[in-house]
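Worksheet: one structure, shown below.
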Amino acid sequence: MNITLVSLWGMVNFVQAIIDSFTGAYTLMFHVFSMRTFTILVIVAIPIVELTGASLAWGFFAYHEASGGPFVPLLSGKAWEAPERIPLYADSARNTHERLNLAAHQLEGMASQEKTPCYK
């Protein structure tokens, strides 16, 4: 599964836990006086379960990033390093210039050739 979906699920759980905590505290005031035990347990358990889901999603995200995710430089506190330490070609500036000149000569040679029709 994509880590983006798991992270989004965790963020939604966290926000929903905050909302359910406030609404649960408000609702809890009315059910405490009527002694509805099961309802009280459900009202208390809902934010706990949502925070557990958010914590689980954070754990998955942290593991993904520790094993080479795109936010490793951000979360590790280290400075970003260029991923390519060795250039693609040795002496790449000169080599690229030579390759471009060679390609230009090949294109000139192809343009100067006599054009023959593709059909007979």
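What you are looking at is a predicted structure, and each value in this text was computed from that prediction instead of being measured. Atoms considered below: every heavy atom in the structure, side chains included; atoms not considered: hydrogens, waters and symmetry mates.
- Put simply, OG1 on T4 and CZ on F61 are 9.0 Å apart, with the number rounded to the nearest 0.5 Å.
- Partner V42 forms a side chain to side chain contact (heavy atoms under 4.5 Å, CB included) with one of V44, T39, I46, I40 and no other, that one being I46.
- When the side chain to side chain contact (heavy atoms under 4.5 Å, CB included) test is applied to V49, no partner is found at least two apart in sequence or on another chain.
- Taking Ile, Leu, Val, Met, Phe, Trp and Tyr as members and joining any whose side-chain heavy atoms lie under 4.5 Å apart, directly or through other members, the hydrophobic cluster of M29 also contains Y26, F30.
- S34 is linked by a side chain to side chain contact (heavy atoms under 4.5 Å, CB included) to H31, R36, counting only residues two or more places apart in sequence or in another chain.
- Under the side chain to side chain contact (heavy atoms under 4.5 Å, CB included) criterion, Y63 pairs with no residue at all, not counting sequence neighbours.
- The CD1 atom of I3 sits 11.0 Å away from the CH2 atom of W9 when rounded to the nearest 0.5 Å.
- Judged as a side-chain hydrogen bond (donor to acceptor under 3.5 Å, both in side chains), not a single pair has a partner in residues 42-57 (not counting sequence neighbours).
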Please tabulate, for the side chains in residues 10-23, all donor-acceptor contacts under 3.5 angstrom to protein atoms that are two or more places apart in sequence or on a different chain.
from	atom 1	to	atom 2	distance (Å)
Q16	NE2	D20	OD1	3.2
S21	OG	A17	O	2.7
T23	OG1	I19	O	3.1
T23	OG1	D20	O	3.3

